[in-house]
Amino acid sequence: MVKAHIVNHTHWDREWYFTSADALVLSEQLFTEVIEELKTHPEANFVLDGQLSILDDYVALYPEKMADIKQLIADKQLFIGPWFTQTDAFFAHGESILRNAMIGIFDSKKYGDYMKIGYLPDTFGFNAQIPTLLAHAGFDNVIFWRGIHLGEHVDSPYFKWQGLGTDSSVYAINMPQGYGTGMLLEPTTAYVDGRLDSAIDFIEKYSKTTEVLIPSGNDQLNIITNFAEKLAEINKMGRHSYALSTYQDFIQYVKELPDLEEYRGEFRSPVLARVHKTIGSSRMNIKLKSAKLEQKLLTRIEPLLVIAKASGISISERLLMHTWKKLLEGQAHDSLAGCVSDAVAEDILHRMKEADELCDSIENTIVKKIADDLSLAANEILVFNTELHDFDGYKEIQVVTKHKNIHFPEFPNATISHEQFIEPRQNVLEETPAGNRYIEEPGYYVLQVRVKMALPGLGYRVIHFTENQQALESMIQASGTSIQNEFYKIAFEHSKIIIENGKQTASIELEDDANAGDTYDYSPLAGDVARVLTFSEAVTEKSSEVERLILTGTNTLPLDRLANKGQGELRIQMTLELKKGSELLDCEIGVDNQIKNHRLRLKVNTGVVTDYNIASLPFGYIERKPGVPANWQETYSEMPIDIEPLEQSVTLTNETQSCTIFTRGIKEYQQLDQHIALTLLATTGELGKPDLAYRPGRASGDTTKKGHVLIPTEGAQLIGTHQFSLAIYLGAEPFDARETAWRTREFNQQTVSYQRQPFNHFLHRLDNKIQKTERQLGAKRTLGLQHLPKEYLISACHPSYYDPNKYIIRIENPTSTPQKIDLRSGEFENAEWIDAIEEPVINPDNIIPAYDALTLRLSL
């Protein structure tokens with residue numbers, strides 16, 4: 001006889017094929033009934049999924065319920081949190097996953113306690129560093145479902161899961177048959193024999209334990225009423241012992257088990273459940289926007305808020321959290337994955353638009369207030385460094401001026417990389433003390449100027465320009481179809497793009513094929529032949545600092561690749577750019593998509609012969625070998641196709657050379673011999689389809705359940721323009737984790753600059769609304785808060801959530817060798833070792849373990 005720990009819960013999708021507004025209406029009824037049932041039955045308990053956002057939405061409707069909720073939590077009847085939303089575990093940045101926990105835990109405290117459980121019941125697989133991220137958020141356990149292969153990864157569903165390093169591990173509890181294993185809890189023979197006991201037998205066969213976990217709940221399901229009475233009846237019928245329990249009780253049981261297996265690696269195997277291995281390219285517009293916002297928050301807004309606080313500008317960390325929440329609501333497992341209806345996709349993108357506006361307005365407020373306090377002249381520019389080490393290199397700053405005849409005395413080699421001329425305007429109203437008048441507003445230039453300069457760490461300086469006899473050097477059109485710098489030569493020859501570094505040769509092409517899949521998965525179309533796209537025009541632009549090759553082409557394809565009918569156009573513009581001093585080949589791809597049901601991929605022939613690839617993930621890198629098992633249908637619920645996720649880079653390497661591709665929001669790749677194929681678009685017109693080549697059988701989602709219908713998703717065809725950004729590095733040396741991490745930072749480097757110019761008060765939306773404070777801030781013309789050594793890789797820098805006079809930095813070590821941190825330097829004076837939720841940790845040796853990170857709290 002086995003003891004079954006039965007835990008009553010609901011899994012609450014904030015949105016899916018229904019919107020978050022729909023879910024709120026459902027919660028208004030259901031959550032009220034949960035509270036009443038728990039109050040009536042003090043022996044009962046209930047898990048309100050693992051995300052706080054749904055409870056916040058409910059309490060906004062019913063603030064008078066707060067007292068009941070707090071009491072039920074205190075009595076350990078109602079379990080909430082710890083996440084703000086149920087995060088995606090592959091396509092959200094590692095720091096975003098941490099913010100999800102940090103904000104969820106911070107907000108949970110207004111209710112009382114939160115579940116100290118890494119509870120992720122329905123995520124489509126898990127990256128190998130989830131144990132490390134959970135440890136940073138104060139968790140020593142995880143409860144999950146998808147991605148495990150029992151008998152291959154581990155024998156038992158109860159084990160210890162280690163991060164890539166050796167210092168982070170959590171107790172892992174897998175739900176082999178999902179979070180709905182014991183749903184409904186009917187005291188009938190049919191239920192006990194057909195569902196409950198068969199599930200217990202299955203789990204016991206693998207676990208070989210005397211106790212097992214049976215979650216009892218499902219999507220948007222209500223609390224089970226009279227739970228104890230029903231359980232008593234079931235105990236009279238079944239072959240096992242059935243107990244009302246909690247996740248916490250079962251975790252404690254697992255912790256006491258002897259000789260737990262240990263596992264290190266990811267969970268992405270579609271054996272007992274689908275993980276949708278090609279979902280990394282579904283609704284790419286959401287993934288691109290999410291990644292762009294992550295970088296904006298992490299590399300611009302959060303460090304700027306620290307600089308602002310040090311400059312006497314008070315902007316609450318609550319506004320920062322509010323901005324993160326807008327993004328995190330779109331990073332729930334269904335939302336970021338893209339397997340949602342068109343109405344939901346519109347909601348996600350709108351919230352991300354709001355987050356983007358909040359970011360811009362926060363930045364606008366900070367830079368303008370500092371510039372106003374310094375009373376900067378129109379020819380002075382405030383340039384920021386949001387990195388924590390001193391900067392010496394190139395920044396591209398925005399300069400607004402009436403002509404290009406300007407000169408930077410400190411930087412004689414400054415050049416214009418992009419320019420725009422704004423034509424004069426007639427009859428423009430000018431308000432003066434003597435009254436209103438109408439004038440001609442002169443024309444002006446908006447310039448992007450490339451300047452090589454030094455900047456202090458986590459700070460800024462003021463630079464200036466003067467009028468000059470000649471114009472600043474601009475990009476000029478040049479003859480030929482090749483560009484070069486000291487590292488590469490790029491040539492467009494015979495419709496091919498060739499990259500050479502003197503020792504290696506690589507090439508680039510774009511390939512398009514039909515997509516017979518849905519919003520969960522790409523699927524090839526039988527008999528379809530992939531098309532290599534061509535460019536019909538090549539233009540080069542050059543200056544002494546930058547060389548640019550611009551390729552354009554319009555390819556005619558079937559308007560609907562799936563139906564193979566009609567004619568449509570796929571217009572592509574690819575811009576390849578080499579900068580003086582940079583080891584990265586920057587590549588921008590603009591796509592005007594007018595084709596339906598197709599997949600567009602960028603293929604890089606790296607020239608590197610190897611049988612494995614290395615992809616980035618939080619605080620580290622993972623090796624993968626391509627290939628699909630023979631006779632996969634006998635074991636897997638979908639083809640374990642070797643199309644894989646990446647966080648920000650993927651590398652092919654051998655003992656003598658390497659090629660790394662760095663991406664912004666492109667999250668899916670496949671190794672094809674010595675090629676890397678990156679998916680740019682995979683468009684489709686349905687949320688779920690049955691019988692796909694890679695996913696035979698039922699459609700994913702609810703669309704093949706009784707009473708459900710197929711859901712069209714015309715918006716997932718992504719008709720319109722899209723912009724993709726990546727960079728390529730060719731190295732005559734094998735892969736190096738630390739160097740690759742630094743190149744990732746270089747690729748994501750931000751330039752924040754500000755000019756108090758009179759020509760256009762709407763280059764920054766709030767310029768004409770932000771008032772200069774009468775109180776002097778005492779801002780300095782040069783500020784540097786940190787001067788960390790270059791070997792310290794900074795993963796995050798943000799204001800403390802709990803102490804307004806302190807800020808947080810997280811130093812990562814994405815290598816296999818532990819790293820020593822010197823706390824004797826002035827930058828770390830009075831530093832506190834903490835975790836991500838700002839609880840103290842002990843680190844007597846000041847060591848960052850391999851593939852890990854450590855967090856410090858510092859005084860402003």
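All values reported here derive from a predicted model rather than from experimental measurement. Both backbone and side-chain heavy atoms feed into the values below; hydrogens, waters and symmetry mates do not. Counting from 1, the numbers follow the sequence of the chain as shown.
- For the 3.5 Å distance criterion, the side chains of Asp88 and His333 fail to qualify, holding no donor opposite an acceptor.
- Tyr801 and Phe106 have perpendicular rings, their planes meeting at more than 60° on a 0 to 90° scale where under 30° would count as parallel.
- Remark: the backbone N or O of Gly459 is not paired with any side-chain donor or acceptor of Asn385 at under 3.5 angstrom.
- Ring geometry for Phe159 versus Tyr263: interplanar angle over 60°, hence perpendicular rather than tilted (30 to 60°).
- If you take CD on Gln248 and CD1 on Ile143, they are separated by 8.0 Å, rounding to the nearest 0.5 Å.
- Remark: the Glu838 side chain and the Ser800 side chain contain an N/O donor-acceptor pair separated by less than 3.5 Å.
- Looking at Ile794 and Ile811, their side chains come closer than 4.5 Å, going by heavy atoms from C-beta outward.
- Taking 4.5 Å as the limit, every side-chain heavy atom of Glu583 sits out of range of all side-chain heavy atoms of Glu739.
- Listed for the Thr610 side chain is no donor-acceptor partner under 3.5 Å among the backbone atoms of Asn654.
- With hydrogens and angles disregarded, a donor-acceptor distance shorter than 3.5 Å links the side chain of Lys667 to the backbone of Glu647.
- Salt-bridge formation is detected for the pair Lys277/Glu644: a Lys NZ or Arg NE/NH1/NH2 atom is positioned less than 4.0 Å from an Asp or Glu carboxylate oxygen.
- Between the CD1 atom of Ile105 and the CZ atom of Phe139 there is a distance of 4.0 Å, given to the nearest 0.5 Å.
- A cation-pi geometry, defined here as NZ or CZ lying under 6.0 Å from the six-membered ring centre and within 45° of its normal, holds between Arg268 and Phe90.
- When atom types are taken as modelled, the side chain of Asn813 and the backbone of Pro849 share a donor-acceptor pair closer than 3.5 angstrom.
- Residue Phe828 comes nearest to Ile809 through the heavy atom pair CE2-CD1, 3.7 Å, listed as atom of the first residue, atom of the second, then distance.
- Using a 4.5 Å heavy-atom threshold, the side chains of Thr744 and Ser616 count as separate.
- Enclosure of atom CD in Glu655 is not indicated, since only 12 or fewer non-hydrogen atoms of other residues, nucleotides or ligands lie within 6.0 angstrom.
- Residues Leu646 and Ala615 come closest through the heavy atom pair CB-CB, 4.3 Å.
- Of the possible polar contacts, none joining the Thr87 side chain to the Ala89 backbone as a donor-acceptor pair under 3.5 Å is found.
- Using a 4.0 Å cut-off between a side-chain N of Lys or Arg and a carboxylate O of Asp or Glu, Glu832 and Lys806 qualify as a salt bridge.
- Panel note: side chain Ser108, backbone Gly112; no donor-acceptor pair is recorded below 3.5 Å.
- Classification of Arg738 and Glu791 as a salt-bridged pair fails, no side-chain N sitting under 4.0 Å from a carboxylate O.
- You'll find the side chain of Leu793 stays beyond 4.5 Å of the side chain of Phe619, heavy atoms only.
- Taking the six-membered ring for Trp and the full ring otherwise, Tyr247 and Phe250 have centroids separated by 6.0 Å or more.
- Look at Glu302 and Arg99 and you find a salt bridge, because one of the NZ, NE, NH1 or NH2 atoms lies within 4.0 Å of a carboxylate O, short of that distance.
- Side-chain contact between His798 and Leu297: absent, with no pair of heavy atoms (C-beta onward) separated by less than 4.5 Å.
- Counted within 6.0 Å of NZ on Lys625, heavy atoms from surrounding residues, nucleotides or ligands total 12 or fewer; the atom is thus considered open.
- When each of Arg745, Gln786, Gln750 is paired with Glu387, the side-chain contact (heavy atoms from CB on, under 4.5 Å) condition holds for Arg745 and for no other.
- Lys820 places no side-chain N or O within 3.5 Å of a backbone atom of Asn846 that could act as its donor or acceptor partner.
- Both tests pass for Lys116 against the ring of Tyr114: distance under 6.0 Å to the centre and angle within 45° of the axis.
- How far CD1 of Ile834 is from CG of Leu858: 8.5 Å, rounded to the nearest 0.5 Å.
- Scanning both residues, Pro215 and Tyr179, for their nearest heavy atoms gives CB-O, 3.5 Å.
- Exactly one residue among Phe144, Trp145, Phe267 makes a ring pair (Phe, Tyr, Trp, His ring centres under 6.0 Å) with Phe126. That residue is Phe144.
- Both cation-pi conditions hold for Lys160 and Tyr171: the charged atom is under 6.0 angstrom from the six-membered ring centre and inside a 45 degree cone around its axis.
- Residue Pro270 forms a side-chain contact (heavy atoms from CB on, under 4.5 Å) with just one option from Arg146, His276, Glu638, and that option is Glu638.
- In this structure, Ile301 CD1 and Leu320 CG are separated by 9.0 Å, a value rounded to the nearest 0.5 Å.
- In this structure, Thr606 contributes its side chain and Val608 its backbone to a donor-acceptor pair below 3.5 Å.
- If you look at Tyr119 and Phe79, their ring centroids are not closer than 6.0 Å.
- With Tyr807 as the aromatic partner, Lys309 does not meet the cation-pi criteria of under 6.0 angstrom to the ring centre and within 45 degrees of the ring axis.
- Taking the centre of each ring, Trp324 and Phe84 stay at or above the 6.0 Å mark.
- In summary, the side chains of Ser335 and Arg14 do not present any donor paired with an acceptor at a separation below 3.5 Å, with no hydrogens or angles considered.
- A salt bridge between Glu95 and Arg810 is present, with a side-chain N of the basic residue lying under 4.0 Å from a carboxylate O of the acidic one.
- Here Ile214 contributes atom CD1 and Met175 contributes atom CE; the two are 11.0 Å apart, rounded to the nearest 0.5 Å.
- When atom types are taken as modelled, the side chain of Gln129 and the backbone of Leu164 share a donor-acceptor pair closer than 3.5 angstrom.
- The CG atom of Leu785 lies 6.5 Å from the CD1 atom of Ile307; values are rounded to the nearest 0.5 Å.
- The backbone N or O of Trp12 sits less than 3.5 Å from a side-chain atom of Gln51, completing a donor-acceptor pair.
- Between Asp249 and Lys76 there is no salt bridge, since no side-chain nitrogen of the basic residue lies less than 4.0 Å from a carboxylate oxygen of the acidic one.
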